[in-house]
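Both counts, for ligands and for their atoms, begin at 1 and track the order of listing. Computed from a prediction, not measured in an experiment: that's the story for all the values here.
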Amino acid sequence: MINRREFLFSSALLAALPLPAASKYDLVIKGGRVLDPSQKLDRMVDVAVRNGKIAALQANIPAADAMEVLDAKGRLVTPGLIDIHAHPRPGELPPEKCLAAGVTTVVDGGSRGASGIQDMIDVANKAPNRVRVLINVSKLGNVTEGPGELTDLANVDVDAARAAVSRHRDVIVGVKARLSRNIAGQNDLEGLRLAHRITQPFGIPVMIHMGDTISSLPDILALMRRGDIVSHMYAPPPHGILDDNGKILPQVLEARKRGVLFDVGNGRNGHITWDVAQRALEQGFTPDTISSDLNGAGLTDQVFDFPNVLSKFLMLGMSLDQVIARGTINSAKSIPALKDLGTLRPGAIADIAVLELATGDFEFVDNLNAKRTGHQKLFARAVVVKGKRWTGLA
Ligand SMILES: [Zn+2]
């Protein structure tokens with residue numbers, strides 16, 4: 001304890017000492033091309049960060065104003081990437097692998113249901129980036145061998161799933177239902193209805209996994225609501241988004257019109273073919289969000305990382321700005337719990353990706369292992385999470 005007189009004395013002394021000037025900013029990212037579709041911004045400016053937030057976007061911020069300077073000359077500076085469908089589950093895909101690819105927010109797409117959800121909560125609590133979770137409608141979570149998680153509806157426990165969401169409201173941001181015939185059998189529609197019973201008290205979205213279902217896609221879409229998400233939108237037939245003549249089904253267009261969202265979910269098996277994606281894009285049916293559906297096996301096959309998946313859409317003819325939007329602001333807007341992310345607006349959380357847009361010949365593959373060559377490819381070169389540069393990416 002110090003008495004009042006001593007306190008006054010020491011304060012006076014402190015005020016009199018020449019203190020080193022406190023830096024105006026904790027970090028300044030200098031010299032990059034800032035591409036932030038949330039602000040329709042594509043300009044050479046520096047990005048200043050203070051206290052974990054974006055403090056300023058301004059040309060030529062003096063290096064002396066910063067504790068740390070990150071050189072981004074020749075690079076793109078974008079909001080931290082957001083992958084709304086991947087599987088950062090234990091023992092398979094460490095969230096650090098996502099972060100190393102510029103993904104500051106990753107959403108697990110239903111790896112676990114009510115029974116095993118603690119696994120994903122633990123992952124989220126330990127991850128250096130933001131891990132959020134869609135709880136599987138089935139208490140079993142994703143079952144990868146033998147009968148799928150929805151083949152027996154006794155595996156859906158609505159009360160247990162709701163209790164899990166209530167308990168982990170900060171981490172669980174939606175519900176996932178995989179509806180393909182090998183996973184749900186005849187239960188695709190009922191599985192989706194049960195998913196909505198879980199979300200009903202919380203107003204969180206349902207993400208479905210479409211493609212090769214027993215019910216038709218229009219029958220499934222009829223149950224989907226505004227804000228729900230259809231993943232694997234470019235899945236091949238049966239029950240893809242195209243009719244027999246390659247035209248987008250009218251029910252698909254109608255679903256988009258009433259606010260159902262369509263997501264890529266690249267994955268490795270039955271989720272995307274060049275043919276479907278190209279036909280859909282030719283008809284203007286672009287994705288609302290691009291996601292990787294990356295899991296452990298995807299690290300070395302087809303998916304590799306999120307920037308690789310984004311680059312596939314550059315190859316398919318989308319603009320850089322369109323592609324970055326679908327991995328940042330659109331992704332943030334697609335899930336209510338992420339709504340403040342995906343932007344470099346001053347005041348926003350400072351999640352930032354520094355990317356290289358390399359030119360050359362790059363090979364990309366679809367789920368049929370068909371190869372196509374593109375001429376641009378994105379690579380993550382640095383990443384900032386909540387204002388701090390992550391040093392795991394050398
Ligand atoms: Zn998935």
Flag, side chain of S311 to backbone of K377, donor-acceptor distance under 3.5 Å:
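Answer holds: no.
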
- Message: Is it the case that the side chain of D366 and the backbone of A370 share a donor-acceptor pair, with hydrogens and angles ignored and the cut-off at 3.5 Å?
- Response: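 Between the backbone of A370 and the side chain of D366 there is a qualifying donor-acceptor contact (under 3.5 Å).
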
### Query
Hey, are D293 and H209 close enough side-chain-wise for a donor-acceptor pair under 3.5 Å?
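The answer is no; no qualifying pair exists.
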
Do T289 and D263 pair up side chain to side chain, a donor and an acceptor below 3.5 Å, judged on atom types alone?
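A pair is found: one side chain offers a donor N or O, the other an acceptor, under 3.5 Å apart.
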
**Report entry** Residue and atom, protein N/O/S, under 2.8 Å of the Zn ion (ligand 1)
**Finding:**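 The answer, once waters are left aside, is H85 NE2, H87 NE2, D293 OD1.
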
With a cut-off of 3.5 Å and sequence neighbours excluded, list every side-chain donor-acceptor pair involving residues 73-83.
unit_1, atom_1, unit_2, atom_2, d
D83, OD1, H85, N, 3.3
D83, OD1, S292, N, 3.1
D83, OD2, S292, OG, 2.5

Taking side-chain hydrogen bond (donor to acceptor under 3.5 Å, both in side chains) as the criterion, tell me which of R256, K333, R326 meets it with D288.
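The option that passes is R256.
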
